[in-house]
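Scroll down for the structure; my scribbles are underneath it.
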There are 2 protein chains.
Amino acid sequence: MTRRKTIYDIAELANASPSAVSAVLNGSWEKRRISRKTAERVKALAEAHGYSRNIQASVLRSARSKIIGMIIPKYDNRYFGAIAERFEATARNHGLFPVITCAQRDPELEAAAARELVSYQVETIIATGATDPDGITDICRAAGVRSLNLDLPGSAAPSIVSDNRGGARDLTLKLLDACHGTAPGQPLLFVGGRATDHNTAARIAGFRDGHADRGIEVPESNILACGYAGAKAYAALDAWTGDLPRGIFVNSTISLEGVIRWLGDRGALGADRTLFGCFDWDPFGALIPGNVGMARQDVNAMMDEVFRVLGSDQPEEKVTLIPCNITDAG
Amino acid sequence: MTRRKTIYDIAELANASPSAVSAVLNGSWEKRRISRKTAERVKALAEAHGYSRNIQASVLRSARSKIIGMIIPKYDNRYFGAIAERFEATARNHGLFPVITCAQRDPELEAAAARELVSYQVETIIATGATDPDGITDICRAAGVRSLNLDLPGSAAPSIVSDNRGGARDLTLKLLDACHGTAPGQPLLFVGGRATDHNTAARIAGFRDGHADRGIEVPESNILACGYAGAKAYAALDAWTGDLPRGIFVNSTISLEGVIRWLGDRGALGADRTLFGCFDWDPFGALIPGNVGMARQDVNAMMDEVFRVLGSDQPEEKVTLIPCNITDAG
DNA sequence: TAGCCTTGCTACATCGGTTGAGCAATTTTG
DNA sequence: CAAAATTGCTCAACCGATGTAGCAAGGCTA
């Protein structure tokens with residue numbers, strides 16, 4: 001294996017100086033008054049010899065890395081998958097190099113990931129669904145790195161978050177209306193999440209809003225904020241002492257797995273049995289009988305907003321809400 | 001914003017030389033005979049002043065980047081999500097810095113991604129599900145970067161691939177046995193994928209193997225390799241002129257979406273109607289009525305094998321098959 | 001024909017760590 | 001007690017690209 005070609009190698013081949021080669025290959029040659037003839041010669045040689053710029057060296061010198069990092073909890077659902085994919089594409093469109101790292105919802109891993117990204121000279125970190133967004137912001141601030149929260153808000157950096165409350169209200173209304181024929185005036189069951197989580201709290205508020213809109217009282221016991229895991233949702237439903245409700249509002253796709261399993265085990269799965277809606281979208285979740293609709297977060301709009309805020313000169317540390325789309329069943 | 005702290009700053013604070021600081025902070029201080037006392041003093045100061053190593057500088061000098069890149073097609077299903085997540089975790093366990101980039105199944109983007117990773121001085125590239133694995137290998141080879149194919153084999157680098165044929169055979173047998181009661185001796189329908197794709201071809205072979213095991217003839221017309229998209233599967237089933245089969249072997253979760261939709265539209269969804277199995281696992285796909293099982297690719301085993309091959313001295317350019325797990329319904 | 005401008009380059013310091021060579025002070029050995 | 005070995009550091013070159021300062025050659029002006 002021969003050594004990698006550098007600008008010095010190309011300079012020698014082209015009978016030019018390394019500075020000239022550098023200027024040609026980074027596009028600043030016209031500004032630096034290198035003749036078109038020389039530029040063409042250098043480019044051709046670089047191409048022919050498979051030259052590839054050493055970005056580490058370039059970044060070291062120029063102090064502009066153009067690397068943008070994202071910390072994400074998991075890749076195990078469509079929402080985060082879509083965020084990762086859209087983030088990459090949008091970052092590239094902005095001439096940046098995206099690096100995504102997965103922190104498993106663990107605040108220690110989040111901090112470690114942030115520090116690691118800082119070491120790699122990222123210019124910006126997007127903390128997505130972070131357990132401790134302000135901790136990440138602190139690390140960034142100490143290193144002079146911009147930061148921004150996505151999906152879950154923090155208090156120390158601009159935050160871009162779905163309108164969980166509004167989306168939950170819309171989904172609640174849709175579900176209440178679907179249940180109206182068979183169970184008029186009956187409140188829905190809310191399943192999944194932790195009531196102390198920002199997003200769950202907002203969705204519970206929206207859930208209540210929707211019921212209020214229809215003049216339906218929601219007993220506290222109808223809110224089963226039992227955690228996210230499918231097994232926890234299953235257990236919470238098992239422990240539920242009331243009648244099997246006609247409609248269930250599920251707080252996340254991960255909880256939905258447990259809900260479906262539970263309904264299936266009781267033979268209650270089907271459009272004529274228990275209806276459900278779910279916050280977050282999944283293509284198969286949408287196809288399960290009894291599904292009335294899903295609150296699909298608008299990832300494209302969120303990401304556009306992220307880059308709009310990054311482009312603005314002095315972003316405020318405020319929370320921007322992005323409306324959700326309510327999908328139809330099937 | 002103050003400038004970032006460097007080893008020179010810490011050296012001044014600690015009354016030591018930059019070399020000593022460097023040695024302390026990169027762990028080579030014992031080898032370089034720096035006293036424990038000095039080491040401790042330097043570490044404390046670095047910690048106190050929020051020092052963070054500039055990896056670009058470090059890599060530039062030492063020529064070992066410890067960066068490992070992965071090119072992946074999409075993040076839109078559980079399989080690739082699991083691969084991304086497991087890859088990150090395993091790479092970190094090996095002391096490497098993982099960078100994943102998504103190439104949208106586009107050979108041009110794949111090549112661009114490979115070149116970009118090379119510029120970032122990656123030491124290795126894992127080409128996952130690549131449209132043109134050998135193209136990526138060529139780019140890597142020219143730059144002295146190791147490469148390895150995952151999920152789809154190439155001819156120029158070691159490849160680690162699921163045992164698609166064996167998994168398809170096992171799933172076929174499971175599905176045939178489940179259908180045996182109501183439709184004995186009847187062949188299944190195969191839906192989705194492109195017959196020219198390596199993995200689809202292997203799965204069709206396994207599909208035929210399973211039928212042969214049970215002594216069932218498979219007419220060519222039962223193989224609907226119509227493309228992956230849900231809509232294509234839907235259209236292919238619409239164009240199917242035979243009787244509605246009792247069992248369908250679906251080639252991927254993306255095709256499954258169309259199959260479920262089609263069955264639903266015909267009221268054929270349910271354990272007493274058309275049964276199906278699917279290559280690739282999805283938690284909701286598994287919960288859809290009529291699901292008999294899924295061929296779940298063993299991502300952990302694949303990733304272990306990837307790093308085992310990377311650890312071995314001279315990996316051969318051969319294909320390693322990793323068995324799949326057949327999951328139960330629900 | 002001297003003085004100035006423009007063109008088209010090159011020289012060199014620099015970014016922040018890393019590392020081989022080397023040196024002074026102390027300790028051990030013969 | 002001198003020579004050798006060990007300890008605990010420092011010096012300086014280097015990795016590859018960048019960009020400021022500057023220089024030689026030629027053209028243009030006064």
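Fair warning: this is a prediction, and the values are worked out from it, not measured in the lab. Numbers restart at 1 for each chain; the letters A, B, ... are given by sequence-line order, proteins then strands. The figures that follow rest on heavy atoms only: side chains count, while hydrogens, waters and symmetry mates do not.
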Self-check item: Value in whole Å for how far the P atom of dT18(D) lies from CD1 of Ile10(A)
Solution: 13 Å

Exercise. Look only at the side chain of Glu110(B) and the backbone of Asp132(B), and say whether a donor-acceptor pair between them is shorter than 3.5 Å.
Key: yes

Self-check item: Closest listed nucleotide, where the reference is the side chain of Ala20(B) and the choices are dT18(C), dT10(D), dG16(D)
Solution: dT10(D)

Quiz item: Among the nucleotides dC9(C), dC14(D), dG8(C), which one has an atom lying closest to any side-chain atom of Thr38(A)?
Solution: dC9(C)

Exercise. Specify the residue among Ile34(B) and Tyr51(A) whose closest nucleotide of DNA chain D lies further upstream toward the 5′ end.
Key: Ile34(B)

Exercise. Over all heavy atoms of both residues, which pair between Leu152(A) and His198(A) is shortest? Give the atoms and the distance, please.
Key: CD2-CB, 4.1 Å

Practice problem: Step by step, work out the side chain to side chain donor-acceptor pair (under 3.5 Å) result for Thr320(B) and Arg308(B). | Solution: CA-CA 12 Å; Thr320(B) 305; Arg308(B) 198 194 62 70; 5.7 Å; no

Quiz item: Does a distance-only test, which skips hydrogens and angles, find a donor-acceptor pair under 3.5 Å between the side chain of Ser19(A) and the base of dG19(D)?
Solution: yes

Practice problem: Take atom CH2 of Trp29(A) and atom C1' of dC9(C), then tell me their distance rounded to the nearest Å. | Solution: 14 Å

Quiz item: Starting at OH of Tyr8(B) and ending at P of dC11(D), how long is that distance when rounded to a whole Å?
Solution: 12 Å

Quiz item: Quick one: is dT18(C) close enough that its OP1 or OP2 comes under 4.0 Å of any side-chain N or O from Arg53(B)?
Solution: yes

Self-check item: Distance, rounded to the nearest Å, where Arg33(A) contributes CZ and dA21(D) contributes P
Solution: 13 Å

Quiz item: Taking OP1 and OP2 of dG16(C), is either one under 4.0 Å from a side-chain nitrogen or oxygen of Ser22(B)?
Solution: no

Quiz item: So, does the side chain of Arg32(A) form a donor-acceptor pair with the base of dT20(D) at under 3.5 Å?
Solution: yes

Quiz item: Of all the choices, dT18(C), dG16(C), dC9(C), which nucleotide is nearest to the side chain of Leu60(B) once you look at every atom?
Solution: dG16(C)

Quiz item: Looking at the side chain of Ala57(A), which of dC15(D), dG8(D), dA17(D) is the nearest nucleotide?
Solution: dA17(D)

Exercise. For the pair Arg146(A) (side chain) and Leu310(A) (backbone), establish whether a donor and an acceptor sit closer than 3.5 Å, ignoring hydrogens and angles.
Key: yes

Quiz prompt | Taking every non-hydrogen atom, the tightest pair across Thr6(A) and Tyr51(A) | solution = C-CE1, 3.6 Å

Quiz item: Asn15(A) has an atom CG; how far is it from atom P of dC9(C), in whole Å?
Solution: 11 Å

Exercise. Could you check how far CD of Gln121(B) sits from P of dG16(C), rounded to whole Å?
Key: 19 Å

Practice problem: Assign Ala23(B) to base, sugar-phosphate, or nothing according to its heavy-atom contacts below 4.0 angstrom with the strands shown. | Solution: nothing

Quiz item: Which sits closer to the 5' end of DNA chain D, Arg41(B) or Ile7(A), going by the nucleotide each is nearest to?
Solution: Arg41(B)

Quiz item: Are OP1 or OP2 of dA17(D) and a side-chain N or O of Asn26(A) less than 4.0 angstrom apart?
Solution: no

Exercise. Counting heavy atoms from C-beta on, name the nucleotide in dT10(D), dG16(C), dT18(D) closest to the side chain of Thr6(B).
Key: dG16(C)

Exercise. Give a yes/no answer on whether the side chain of Ser58(B) brings an N or O atom under 4.0 Å of OP1 or OP2 in dT18(C).
Key: yes

Exercise. Grab the two heavy atoms, one from Ala23(A) and one from Ile34(A), that are nearest each other, plus how far apart they are.
Key: CB-CG1, 4.3 Å

Quiz prompt | Spacing between Lys5(A) atom NZ and dA17(D) atom P, to the nearest angstrom | solution = 12 Å

Exercise. Take the protein atom CD of Glu12(A) and the nucleotide atom C1' of dT10(C), then report the distance between them rounded to whole Å.
Key: 15 Å

Quiz item: Between Asn54(A) and dC15(D), is there a side-chain N or O to OP1/OP2 distance below 4.0 Å?
Solution: no

